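Take a look at the structure below.
What you see is a predicted model; the values in this text were computed from it and never measured.
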Amino acid sequence: MKKIFKELGTREIIIISSVIFAVTFAIILFMAIKKGAMDRAGGEDGSDSQVVSEETAAGDEDMPVIETATEGMKAESTPDTTVLAKKEGAKDGYLNRCVFLGDSRTVAMVNYGFFNDDAALAQIGISHPAFASNKFINNAGKEYTLKTYLSSHQAPVIYILLGVNGINDPSESHYQKTFISLIDSVIEMAPNSNVVLVAIGPVDDNGIYKNSVQNAWIDKYNNFLLETAKEKHIFYLDIAEILKGSDGQVKSEYNGGDGLHYSGKGCEAIFRYIVEHPVPGISDDGKYVVKYIKPDPNRMKVTMGEDSGIDEEKLKDLMDMMMGNETVSEADTLNSEETEEELRLKEEEERLKAEEEEKLKEEEEKKKKEEEEKKKKEEEERKKKEEEERKKKEEEEKLKEEEEEKKAEEEEQKKKEEEEKKKKEEEERKKKEEEEKKKAEEESQKEEEESGKEEESEQKEDEGNSEGTEKEESSSQSEGETGNEP
């Protein structure tokens, strides 16, 4: 180095020093801009995700790897497990095993730094009928179709966060048929993965998109998603319960400003709800790290049309929101007119409202729990009563059978006795007949004998008479002979 500096003149040294200083300053400036972008994307709304780096290039060399599902990881839901339940002590590591298929609400989750760019296949304005045939481009510039994405991202859990776009479809059967077709395609393409249908989150019925989506329609199709999850033995995540206020509208602190999309706090609430309601049996070990990739509005894809409800007039505000900017221009204008005192009062009012809603929710949950306990107890009592009635019925049937058997035996015995009686009577009748016959024969024989005796007596009498006559004749003759003697 000394030799080089000796050969260089003062002018060359000054030029080299200036270049080094300029490069150093450029690096420092770049780092400052990068930090500001990261803070803006995840800061104001209380995001606590672990943003570790920013990458604006099209590659994904350092992107966290999504775990791949293996055979045996998939579980069939039951009526008791279809709706994912809260797990105490759940950890963020669960997200290392999940990917997300969605629309602009999922794009916001990526741009606010809650989901990794490569863990989400999503596009602003996309509806479920067009999802399977669409071409997507993520913040890193990588292009996918549903088929190519799932061929390399068969995670243990696949979340489907769709349905709000095109919810005003006049044909309910078309909406349902196309949704079921998409679900079947995902199940077929990722046979080892657990599929979760995510409830369509609530909106503000008086927001910018009030002609395209209403909470009444959302409630109707959420019932459809739940029933579909039950029929197909997959899972259902009810994020609506954390996002919806007591008035049935999206909570004010979660409203991104247009009534349809969610603020950073809303995205954080969804993130936390997913973590706390995992698919049973899927590990939550490990550290969950988000690699933040700044969205490029020139590269970001958007679907516009009747299905999405998006038009060019709203696109700029929506793009600003999707890039993590504070809110839409209408809300900015409104806030600029408010004084600091009004803002403070509004915040206090919202805080009290949130506390009241939380209290009401706790009371509702307590009441719900009590009702469930009561229902469970009633069910147990009903089952117990049914069991007792069943046993009683069985005993009655058994007694009835025994009585019938006894009756049958008695009838059989009676029949047997009657037969024996008849047999005995028959024998006695025959015996009597024989006796009468014998008696008749004896009487007949006796009569014959008496008749024979009478005949014999008459014969003897006749013979006696004959002998007398002969004697008389003989005597007469003798006397005659004697008289004729001289």
Distance check, rounded to the nearest 0.5 Å: Lys414 atom NZ versus Glu410 atom CD?
9.5 Å
Is it the case that the ring center of Tyr159 lies less than 6.0 angstrom away from the ring center of Phe100?
yes
Within-4.5 Å side-chain heavy-atom neighbours: Arg272 and Phe114:
no
Is there a donor-acceptor contact under 3.5 Å from the side chain of Gln123 to the main chain of Asp103?
no
Under 3.5 Å, is there a donor-acceptor pair between the side chain of Asn139 and the main chain of Ile293?
yes
With a 6.0 Å cut-off on the ring centroids, do Phe131 and Phe136 count as close?
yes
Within a strict 4.5 Å, meaning less than it, do heavy atoms of the Asp284 and Lys87 side chains meet?
yes
Could you go through Leu197 and Ile183, starting from their C-alpha distance and side-chain angles, then the distance that decides it, and tell me whether this counts as side chain to side chain contact (heavy atoms under 4.5 Å, CB included)?
CA-CA 9 Å; Leu197 301 183; Ile183 294 166; 3.7 Å; yes
Does some side-chain heavy atom of Thr106 sit less than 4.5 Å from a side-chain heavy atom of Leu162?
no
Evaluate whether atom NZ of Lys353 has more than 12 neighbouring non-hydrogen atoms of other residues, nucleotides or ligands under 6.0 angstrom away.
no
For side chain to side chain contact (heavy atoms under 4.5 Å, CB included), just list the numbers for Asp238 and Tyr273, CA-CA rounded to whole Å, side-chain angles, deciding distance to a tenth of an Å, and then say yes or no.
CA-CA 9 Å; Asp238 188 15; Tyr273 193 88; 4.2 Å; yes
Check for a donor-acceptor pair, side chain of Thr228 on one end and backbone N or O of Phe224 on the other, with a separation under 3.5 Å.
yes
Under the 3.5 angstrom rule, does the side chain of Tyr149 hit a backbone N or O of Asp118 as a donor-acceptor pair?
yes
Flag side-chain contact, heavy atom, 4.5 Å: Glu388 against Lys384:
yes
Check whether Lys74 reaches the backbone of Ala69 with its side chain - one donor and one acceptor, N or O, closer than 3.5 Å.
no
Do Ser181 and His128 have side chains that get closer than 4.5 Å, going by heavy atoms?
no
For Trp217 versus Asn168, what's the shortest heavy-atom pair and its separation?
CZ3-CB, 3.6 Å
What distance separates His277 NE2 from Tyr236 OH, expressed to the nearest 0.5 Å?
12.5 Å
Where Asp205 and Gln249 come nearest, the two heavy atoms and their spacing
N-OE1, 2.7 Å
Shortest non-hydrogen contact from Pro129 toward Thr178:
CG-OG1, 3.7 Å
Measure from the side-chain N and O atoms of Asn138 to the backbone N and O of Gly141, and report whether any donor-acceptor pair falls under 3.5 Å.
yes
Output yes when Glu355 and Arg351 qualify as a salt bridge under the 4.0 Å nitrogen-oxygen rule, no when they do not.
yes
Would you say Ser246's side chain and Leu360's backbone share a donor-acceptor pair under 3.5 angstrom?
no
Shortest non-hydrogen contact from Lys135 toward Lys301
O-NZ, 2.5 Å
Note: Thr82 and Ser77 closest approach over all heavy atoms is OG1-OG, 3.4 Å
With a cut-off of 6.0 Å (strictly less than), are more than 12 heavy atoms of other residues, nucleotides or ligands near CD of Glu71?
no
Salt bridge Glu67-Arg97, side-chain N to carboxylate O under 4.0 Å:
yes
Taking the six-membered ring for Trp, is the centroid-to-centroid distance between Tyr221 and Tyr175 below 6.0 Å?
yes
Looking only at heavy atoms, which two atoms of Leu146 and Ala132 are closest? And how far apart?
CD2-CA, 3.9 Å
State plainly whether the residues Lys210 and Asp258 are in salt-bridge range, i.e. N to O under 4.0 Å.
no
Would you call Asp285 and Lys91 a salt bridge, using N to O less than 4.0 angstrom?
yes
Would Leu101 and Leu182 count as a side chain to side chain contact (heavy atoms under 4.5 Å, CB included) here? Give the steps.
CA-CA 11 Å; Leu101 313 179; Leu182 175 64; 5.9 Å; no
Is the shortest heavy-atom distance from the side chain of Phe179 to the side chain of Asp184 under 4.5 Å?
no
Determine, for Glu379 against Arg382, whether the closest basic-nitrogen to carboxylate-oxygen distance falls under 4.0 angstrom.
yes
Side chain proximity check, Phe115 to Val290, heavy atoms < 4.5 angstrom
no
Any chance you could measure Glu363, atom CD, to Glu370, atom CD, to the nearest 0.5 Å?
10.5 Å
Whether Asp92 side chain and Val275 backbone form a donor-acceptor pair below 3.5 Å:
no
Using the rule given for side chain to side chain contact (heavy atoms under 4.5 Å, CB included), can you reason through Gln214 versus Val203, listing the C-alpha separation, both sets of side-chain angles and the distance that settles it, and then say yes or no?
CA-CA 7 Å; Gln214 289 281 307; Val203 297; 5.8 Å; no
Using a strict 4.0 Å threshold on nitrogen-to-oxygen distance, state whether Glu172 and Lys220 make a salt bridge.
yes
Before accepting this row, confirm whether a basic side-chain N of the pair Asp219/Lys244 lies closer than 4.0 Å to the acidic partner's carboxylate O.
yes
Pairwise distance CG(Asn116) to CD1(Ile66) - rounded to 0.5 angstrom:
6.0 Å
Rounding to 0.5 Å, atoms OG (Ser185) and CD1 (Ile180) come to a distance of 12.0 Å
Using modelled atom types and a 3.5 Å cut-off, is there a donor and acceptor pairing between side-chain atoms of Thr145 and backbone atoms of Thr148?
yes
Charged N to carboxylate O under 4.0 angstrom, Lys142 versus Asp117?
no
Do Lys415 and Glu419 come close enough that some side-chain heavy atom pair is under 4.5 Å?
yes
Any chance you could measure Ile126, atom CD1, to Asn165, atom CG, to the nearest 0.5 Å?
8.0 Å
Distance-only, no hydrogens or angles: does the Asn194 side chain make a donor-acceptor pair with backbone N or O of Pro156 under 3.5 Å?
yes
